[in-house]
Structures are given as structure tokens and as C-alpha cells.
Amino acid sequence: MTLTSRPDIAHELVHELTRAGVSQVDASVLARSMYSSDASLYRVVPEVVVRPQHVEELHAIHEVSRSAGVPVTMRGAGTSIAGNAVGEGIVVDTRDLKRIISIDPDARTARVQPGVVHADLQRAAARHGLRFGPDPSTHSRCTIGGMIGNNACGSRALGYGRTADNVEAATVLFGNGELGSFDSRSGSARGATAEHLLGLAGRNLGHVRTRFGQFSRQVSGYSLEHLLPENRGRIERFLVGSEGTLASVLEAEVRLVRDDPHRLLLVLGYGTVSEAADAVPHILDAVHGEFGPNSLIACEGMDSRLVALVRSAGKPVPQLPRGQSWLFVEAAGDAANAVIETVKSASAALDTRFIESPAEAAALWKIREDGAGLAGISLSTPAHSGWEDSAVPPKHLGAWMRDFEALLKEFGLQGYPYGHFGDGCIHCRIDFPFHHGDPSSTGVFREFMLAGAERLAVYGGSLSGEHGDGRVRSELLPFMYDETSLDLFAQAKRICDPENLLNPGIITGPELQGARAGHPGGTGAQVNTEDIRPTRPKQTLPWPGLLMPHDDGDYGAAVHRCSGVGRCVAPKTTGVMCPSYLATTQEKDSTRGRARVLQEAMDGTLVHGLSDPAVHEALDLCLSCKGCASDCPVGVDMAAYKAEALHQKYDRDSEGRPRRRLRPRSHYVLGRLPVWAKLAAPVAPLANLMMTLTPLAAAAKWVAGIDQRRSVPKFASRTLRRAAGRLNTASSSSAVEAATGNSGQPDVWVWADSFTNHFFPQSGLAAIEYLQAQGLEVRLIQKEGCCGLPWISTGQLDQARRRITQAVEVLAPYISSGVPVIGLEPSCLATLRSDALELSDSEEARIVAAGVLTFAELLTRLEEEDRVRLPDLTGVDVVAQPHCHQSAIIGWEADQALLKKAGAEVTKVAGCCGLAGNFGVEKGHYETSVAVAETYLMPAVRDQRKRGGDTVVLADGMSCRIQLDDLADVPAMHLAELLNLRT
């Protein structure tokens, strides 16, 4: 009896895989939830998830698959959005097979394991002046194995070719159990499977020559043209794009090309996307006619509506030429200038702009890279993948775009096309009207897909231009290929995978035979509408703690913002997201992994609500850093989602009504730290002394849920309010004077937040002294107010709402007076700018969110007005750790600009410090907290120490300063302290 007929199949698979030597096998609810979805429309729950640590384990996985009759689905990261990477049996995450085996600079090749991340290969090759040519928008996290799986291309395939064009050799394990090694340089392919495949092509030479490889982005189906004798029967290239249905890649050798960092970017503006598409063949003909093929590296299309979305989020966008649609055209090499001039002459553009600044070019390419995520939230209703990356020969692009837009209009749908116009490949996410709880709502999707495939066939197009056929397009292949071609696919499948265990149902297989048998009056093509995630029932929260204004108060809609594009699983970052993933590299510790579990809690069957243990496990190592709120292209805010989940678990019953449950000890102490700080203020020296006594400190840490390896933050001997008593301060009546415009207003108001007031008053004093030294009148707001951040991060949202409401009521009159109001603790300011609007819809909250300033923002304003003078920081080596909340919500650009203007050499540290409020001091989080600090912060500080000289470690946030003190005994200072000290 095979395992597939047993009810306890998952348990048996775990046993068999473990016995076979597979070290990481997981059949938990958590793992199955995370891997039940990829970046597509589909949800298919696997039985087990494995993460092989050695290539030998892949052999064992396939042996168990064959003996048990259980299918295997291979999974990389970040290239498949057609349902290619979900399956019912064993899902194999290859990201731990990440060794770059060798790089041969002379041969310009690299040997890699399938889990090597594209960007890691680029970094390794760059040391030799080389690069891997294909450049998908997900390059920061996609794996080479995944790129091979669906023949990924990317923005620069126009110049460097597809993945298939860049694979020189491969070692694979076929579904039939045969191990094959193929290298075009060693002569003809050997082995029984290779002989059968070459024989299949040999018996159908005329058909293969006339139906396959007709243009570069004909990616759908199997690329049989690589088996032709004139193409040297390249089995390794034939397997590229087969989506894991024929063989699993164990190792690959890829071609590298010379990297020319001197790339030129020209942006061309057009009135419509169709007009931009019309220009493409003229540009290609002009350039290729004069300079030959591959003389253009990229020719990408971008819609103005996606750019507007970036601007609406407050992110800077470089100036673009006139138009509503743009082509980004890139060239490199000795003839680059001449190529760009030729493009400009042939473009018929409304306007053009040559991008000289590398920073501007990088910003524009980033918008293009974020296209999939931005497109998903660009409309008033969610836009979905599905019809995602169709392609036509570039000469037909303009006509196809008009047909496509007419088709959208015909079905009452919207979508913003963008993509690889130079290759004829168009991406578009569409607002298909799926409805939760209504499987029949797939009707419009089904009819549109059928109509689109029929019209695309008129242009000789390909259903997929780089993402593969997957679950969404495989059954549409009869529109694109005739019966002979489809039969060849089926024969190739039987040769390589006779038991149909490798990603069954994708491209070809028994499930598709009925669809391809043909029916009178039609192709017999169907659309896969099974397992569509957006039609699953969705729970709502009857009594939510947060307003979720960006998602109309719908927590389920908020967690479904995550479409799986996976920027959070990049092994390197220049931003903040996702610090815990950077530390552990586990899917459960990524923003995407957590979102998948929360989605399952809201509309799945595996996770039973937000109190399910799987939710706790997924959220446990979330630092609530808010990095995803800005770094995720769709604006996932996992800190807010975690706060709501904790609130529902501890403060609501099963019906959503208020009910208090016993919380972890740390919530009562660390989650209410401002209360304890206020109580301790009169006896701060005594409290600090007691914490130097080991038994008392150990007991206090146990009570508070603090890891014993952590120090206890010291209370200030005098609060900021007391220490600033000698200065001109304001009573509560002064606020009334300020609000009504009466005389006596200062130049600046300073807000004494709880952390600055009770732990780091020196920051506030330095700000006051510096501003007063500039001749400004500065007053401290005496009336107390707390932003409630510790309550928010621990999900105590009812109490947090009361506190933040009080704070905004205190601050609103001061801000409304027109006098600048500053705060010194960035996390508190970020809370007022973001969380205040999640907890209150009052006008006061909006006034405060829009008006409260950082110290750097105030100085920028005053410096522009010539009211302050910056000290000379020439020769000062500054290593700065921006607080993660500031990076995500406020930004650190003003701070960096001031430091550079003052003459300092600035190293901005990426990522999070790892402490993140209560997270890093809680028991159970210490190792992760230290690992996060070791990703960027601690190496930067050590490098600075090696350099010597006049050095400063800058950290405005209380958490960052405590982390540096705990782990490196490094005294850090606030920007105000640095400027005041050097004035």
C-alpha cells in the first residue's frame, strides 16, 4: 500500500524522509501554512516541507517520493507567480543549498548549487569584473535554481539573454531516477533519458523547427528547439523552463559576462502605453541595424500610475520627461553614447531625459523592480496575478497592447501594464472581481483568461514570457500549440518522469489530457479555478483594536496585502526589513512567512484564528521594527498586525468582546515601562543602586521576563523636566497662549517623551542648549503625555489608545500654534506619525501626525532660513544606526544631509540594532537579538574602531543605545548631543 492511500501520510512521510537522512522535515501546521501559497492566486496545502542541507538529501527525497508515490514540488524564492511552486505532497525549499562552488574568471563561468541567490552570485562575480546576465526584478532573493525552473529573464535579458541562454552545464536528477550530467562543451549528451529526448526531437525535426523558438520570449511549454541538432542537442538548456516537471537541478554551471558599470540610462516619455509600445520596434530596428544585436541592454516600460503610487507614499521620484508612459532604455560599453543617441532619434518620444546621476537611475530601476508589488495595490480594489507576463514578438507589441486594453475594457477590468517592452513581454496585475466565500466569483477571471489566450494566439504570442505556465496557464496551452506539440510535451514528460511525480499537472500530465483532447468548436482549453485563494471564506474581527485605515478597517484585507513577492527574504538589505529573517534565514521569521500564517488564520483551515499556537510561533521573533511598512513594496505592516493579533489573543474572547486574559510577565513590566519609570523617578538613584546587587537584579529580571544576560536600563537621576527647570519652561497655561496666538511664544517647543524624560534626558538638554546657543528661545512642554508605544508593541491596544489620545490632546494646541514642536526619541515620534492614526481618527491625531518634527527636520528648516549654523564636523567619522521606526516611518534623510553638510564622513548602518524596545531584552529573544546586531551594526562599529581617528557612534533611539552599550560597551550619542558638543 502506498503512502498516498493512508490517512496519516504526513506522519509516515516525516518518518521515511528522516530515516532516509533528510535532516529538516516539517509537517507542522506552521510550515504547511507558510508553504501552501507562493506568489500566485493559488493555495495548495502540502503534506510536508523539507529544506535539504546537502545535495545528497535531494536524492533521498526523490527516492522516498518514488517509493511512496507522493509528488515533489521544488521551490526557490521569488521567480514563480503562476502557481508553479505549490504542491500537495513534498515541497522542497532549496535555499540552504547555497554554495557557489567555483568561479572561473578566464572561462567566465560559475558553478553553483540551486539555492544560490542571484544577488550573492553577482557579488561574488563582481570581484572579477563579471556578472550573471539575466537580472529579474527579484534579484535580491531569487535563486538560480528557481530561475532555471521557469527560465527567468528580467530587465536586462534584451542584452544578456534569458536564463536558458546562460546555462552551460547542469547535473540533474530526472523523475525516473536517472542522474544526468550535461555539458555542451563535452560533446553529445549521454544517458538513456538524453537519448530518448534527442530521439523524440529527431523524429519530429520539421515540426520542432517551425513551431518552437520563434521569438525570444516564447517560454510557455517545453523549449524543444534546444534538442535540435543545429543547437547541439543541449539537454541542459531544454530543461530550463520546465518548471521542475522533468528533473531537479542539483548543480549548474552558468555563463558570466563582463560587467560594465558605466551604464547609460535614457528615459523616453509617451502619451499612452500603446504609443510607447509602438516605438519599440523602431528603436530596436535602428539600434540593431547600426550596432548589432544585444547593443541595448534594456528597454523597459513603466506606467505613470505606478509612479504616482510611489509619490503618494511620500517616496521621492526623480524627474521624468513629459508623458503618461515611459520607456527606460539602457546601454553600456564603448558605443553606449552613440547607441543612446540613436535611440533618441528613432524614439518619436514626446520628451526625453538622460539620467546622469547613478542615484537617480537606481531610484527609477527600483520603481520598476517593485512593479509587481505596486501593481497589486495600485487600484481601488485588489489587483491579482494570473494574466501576468504574456509576450509577443516586439513588432506586434503596439497592436497587442491596444487589443489587450480593449479586452480589459470589454470585461470591465483595470490593470496597469508595465514590463520588458524590448522583449515584447508585458506584466499586468488585474482587478478580477473575486469575492471571499464565493467560489463562483471566478467566472470573469475564467472568461477573461480564455479570451486573452485566444487573442494572444493571433499574434503568435506566448502565454508566459518568463514566469512559466504553472497552475494558471498550463491548461491554456491548446490556444498556443497544436495537438502535435502538446503530444510532444506529453512524450517528454513520460520519458523524464513516467510516474508523474514531479510537479504534476504543470505544463502537461494526466490532469490535462481531457482538456487537450479537443471539443467540437473549440480548443478544449480550460482555466484552473480550483484552489483560488481570493475566493476562500474570510473572517472579520468584530471588535478590532486598530483602525487599519489603509485597508478600510479590514484586518483580513490588511494581512492579504502580502502577495508573496518576497523582498523580505533577501539575504542582504540596504533598508530594515526583515531583521529576524536576516538573523535566522527561516521562512517563519520573514514578513512573508508571518503574513501567510495570518492569512491562513483569517481564511484557511489549518490555523484556527489569531490565538492559534502557529500564530504565536510565527510572530514570536517579529521585532515590531516596522521595516516592512516602508521596505515592502505593498506596505505590509507586520508590527501593526502583530499588535492586533496579541490584542485579540489576550484582550478579546472568542466572539471578539472585551475580556482580559493573563499575559506574559514582560507585558506587565516592559509593556508598561513608562508607568514604572514615573514611579521610580523620585527614588531613581536608589533604584539604580539596587539593580547593581546581583540577587536583586536577577529577581527583578525574572519578574519582568528579562533575559538574565541583559542589563537593566538605568533611570536618569533627574528627569528632563527637572533638569530643564532652570531654563525658560512653559506651564499648561502657556499652551493656551501659544494656541491662541498670544504673546510669549517661544521659537521651539520640546516634547519630553517618556524615554527621553526618564532615561536619556541628556539628549533633550543638548537639543535645548544647542538651540539656545543659536539665539533661539526654547521651551519644554511641561504637561505630560505618552505615545503608548510599549502598550502598542505588546498588543495592549485599549490602554494604548487612552494614552495616545491624551498625548495628541496635549500636543495638538502647540502644533496648531505654528511654533515648531520637536521630540528627541525617534520611536515615540514615529508612533505619533503612524500608530496614532491607527488608534484614533480624531482631528488632533491628524494634526500631531502631520506636525511633530525630529530634531534634524527642525534644523533643516532653520538652516534653510539661516537661523542656525552647523558646527564644523570635518574629519569626524560617524557610524550612525538610525532607529528602525524612524527609518520606516519618518526617514533618516534629513539627519544624513545635515551631517554631510557639516563635513562629517557618514556610514549609515542598514537593518535594525536588534533590541527593538522590549523585544531584545525579553527572555527567549537574546540570541536572535544579538544575531540581528551582528548582521550590520556590530561589524560597522568594529570596522570604525579599526579605522581610529575622530570617531562617533550616533544612535538617537534608546533601544539602539542600550544595545550598543550591552554588546560592545560603546557609548553612543544623539544627533543633538553631537552638534551641541562640537559647537
Side-chain angles (χ1 to χ4, degrees), residues 716 718 720 723-724 726-727 746-748 750-752 755-756 759-780 820 822-826 829 853-883 886-887 890-909 913 937 940-958 960-965 968-983:
R718 288 198 304 170
L720 175 59
R726 69 184 186 277
L727 303 172
D747 295 301
V748 178
V750 177
W751 175 44
F755 298 131
T756 304
F759 295 97
F760 289 96
Q762 62 268 31
S763 302
L765 290 172
I768 293 170
E769 291 171 0
Y770 174 78
L771 293 171
Q772 287 182 334
Q774 305 292 317
L776 300 171
E777 183 180 353
V778 185
R779 295 186 190 175
L780 192 73
I822 66 167
L824 282 304
E825 168 57 44
L829 285 173
L853 302 174
T854 68
F855 183 64
E857 287 172 335
L858 172 70
L859 289 192
T860 300
R861 181 184 299 181
L862 295 175
E863 203 269 338
E864 289 173 353
E865 296 171 357
D866 200 26
R867 297 176 66 189
V868 298
R869 301 183 69 178
L870 299 175
D872 184 3
L873 299 181
T874 302
V876 180
D877 181 357
V878 174
V879 166
Q881 172 69 71
H883 192 285
Q886 179 174 354
S887 291
I890 302 171
W892 200 72
E893 292 78 11
D895 304 65
Q896 187 166 22
L898 283 173
L899 288 166
K900 289 186 174 181
K901 193 166 188 176
E905 292 292 326
V906 183
T907 300
K908 178 189 174 186
V909 180
C913 74
L937 175 58
V941 170
R942 287 193 287 269
D943 287 346
Q944 186 193 50
R945 283 175 167 173
K946 291 176 184 176
R947 294 194 296 268
D950 187 358
T951 61
V952 170
V953 177
L954 205 63
D956 288 2
M958 174 178 167
C960 309
R961 297 170 86 164
I962 292 174
Q963 182 81 310
L964 285 161
D965 186 52
D969 193 25
V970 171
M973 62 176 64
H974 193 283
L975 176 63
E977 294 174 74
L978 171 62
L979 298 185
N980 190 48
L981 184 65
R982 300 298 178 116
T983 297

Colleague: Nearest heavy-atom pair of Gly957 and His883: which atoms, and what distance?
Modeller: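 For Gly957 and His883, the tightest heavy-atom pair comes out as CA-CD2, 3.7 Å.
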Colleague: Looking at CG of Leu975 and OH of Tyr770, how far apart are the two atoms once the value is rounded to the nearest 0.5 Å?
Modeller: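 One finds 9.0 Å between CG of Leu975 and OH of Tyr770.
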Colleague: Drop me the distance from Glu857's CD to Glu893's CD, to the nearest 0.5 angstrom.
Modeller: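 Glu857 CD to Glu893 CD: 9.5 Å, rounded to 0.5 Å.
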Colleague: So Thr907 and Gln944, do their side chains get closer than 4.5 Å, heavy atoms only?
Modeller: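 Not in contact.
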Colleague: Using side-chain hydrogen bond (donor to acceptor under 3.5 Å, both in side chains) as the criterion, list what pairs up with Arg942, not counting sequence neighbours.
Modeller: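 In terms of side-chain hydrogen bond (donor to acceptor under 3.5 Å, both in side chains), with neighbours along the sequence ignored, Arg942 is linked to Glu934.
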Colleague: Locate the shortest heavy-atom distance separating Pro826 from Ile890; write the atom from each residue and the value.
Modeller: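 Looking at all heavy atoms of both residues, the shortest contact is O-CD1, 4.2 Å.
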Colleague: Tell me whether Thr860 contacts the main-chain N or O of Ala856 through its side chain, where contact means a donor paired with an acceptor under 3.5 Å.
Modeller: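 Checking the backbone N and O of Ala856 against the side chain of Thr860, a donor-acceptor pair under 3.5 Å is found.
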Colleague: Considering residues at least two apart in sequence or located in another chain, which fulfil the side-chain hydrogen bond (donor to acceptor under 3.5 Å, both in side chains) criterion with Ser763?
Modeller: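 Ser763: side-chain hydrogen bond (donor to acceptor under 3.5 Å, both in side chains) contacts with Arg961, Glu977.
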Colleague: Report yes or no: does Glu825 contribute a side-chain atom to a donor-acceptor pair with the main-chain N or O of Phe755 at less than 3.5 Å?
Modeller: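 A pair under 3.5 Å: no.
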Colleague: Counting only pairs under 3.5 Å, give me each side-chain donor-acceptor contact of residues 896-904, with atom names and distances, residues two or more places apart or in other chains.
Modeller:
from   : atom 1 : to     : atom 2 : distance (Å)
Lys901 : NZ     : Glu863 : OE1    : 2.9
Lys901 : NZ     : Glu863 : OE2    : 3.2

Colleague: Using the side-chain contact (heavy atoms from CB on, under 4.5 Å) rule, pick out the option among Thr854, Val778, Val748 that qualifies with Ile822.
Modeller: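 For Ile822, the side-chain contact (heavy atoms from CB on, under 4.5 Å) test succeeds with only one of Thr854, Val778, Val748, which is Val748.
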Colleague: Just verifying a value: how many Å separate Leu765 CG and Gln772 CD, rounded to the nearest 0.5 Å?
Modeller: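 Separation between the atoms: 10.0 Å.
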Colleague: Is the count of non-hydrogen atoms from other residues, nucleotides or ligands lying under 6.0 Å from Glu905 atom CD greater than 12?
Modeller: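 Open.
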Colleague: Identify the two heavy atoms, one from Cys960 and one from Ala955, that lie closest to each other, and give their separation to 0.1 Å.
Modeller: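 Smallest heavy-atom distance, with atoms named: CB-CB, 3.8 Å.
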Colleague: Taking atom CD1 of Ile962 and atom CG of Asp965, what is their separation to the nearest 0.5 Å?
Modeller: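 The CD1 atom of Ile962 sits 8.5 Å away from the CG atom of Asp965.
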Colleague: Is any side-chain heavy atom of Thr983 closer than 4.5 Å to a side-chain heavy atom of Gln774?
Modeller: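 A side-chain contact exists here, since the closest heavy-atom pair is under 4.5 Å.
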Colleague: Does any part of the side chain of Phe855, heavy atoms only, come nearer than 4.5 Å to the side chain of Leu829, both counted from C-beta?
Modeller: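 No; the side chains remain at least 4.5 Å from each other.
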Colleague: Just grab all the salt bridge (charged side-chain N to carboxylate O under 4.0 Å, His left out) pairs involving residues 948-958, residues at least two apart or on different chains.
Modeller: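 For residues 948-958: Asp950-Arg982.
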Colleague: Please assess Leu771 against Leu859 for the test side-chain contact (heavy atoms from CB on, under 4.5 Å), listing each intermediate value before the final yes or no.
Modeller: CA-CA 9 Å; Leu771 293 171; Leu859 289 192; 3.8 Å; yes
Colleague: Applying side chain to side chain contact (heavy atoms under 4.5 Å, CB included), name anything that partners Arg867, two or more places apart in sequence or on another chain.
Modeller: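 Once residues adjacent in sequence are excluded, the partners of Arg867 under the side chain to side chain contact (heavy atoms under 4.5 Å, CB included) criterion are Asp747, Leu776, Leu862, Glu865.
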Colleague: Identify all side-chain donor-acceptor contacts of residues 871-882 below 3.5 Å with residues at least two apart in sequence or on another chain.
Modeller:
from   : atom 1 : to     : atom 2 : distance (Å)
Asp872 : OD1    : Thr874 : N      : 2.9
Asp872 : OD1    : Thr874 : OG1    : 2.5
Asp877 : OD1    : Arg947 : NH2    : 3.2
Asp877 : OD2    : Arg947 : NE     : 2.7
Asp877 : OD2    : Arg947 : NH2    : 3.0
Gln881 : NE2    : Gly911 : O      : 3.2

Colleague: Do Val750 and Leu824 have side chains that get closer than 4.5 Å, going by heavy atoms?
Modeller: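 Yes, their side chains come closer than 4.5 Å.
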Colleague: Please tell me if the side chains of Asp895 and Lys908 come closer than 4.5 Å, counting only heavy atoms from C-beta onward.
Modeller: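 Not in contact.
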Colleague: May I have the step-by-step check of side-chain contact (heavy atoms from CB on, under 4.5 Å) for Met973 and Leu954, ending in yes or no?
Modeller: CA-CA 5 Å; Met973 62 176 64; Leu954 205 63; 4.0 Å; yes
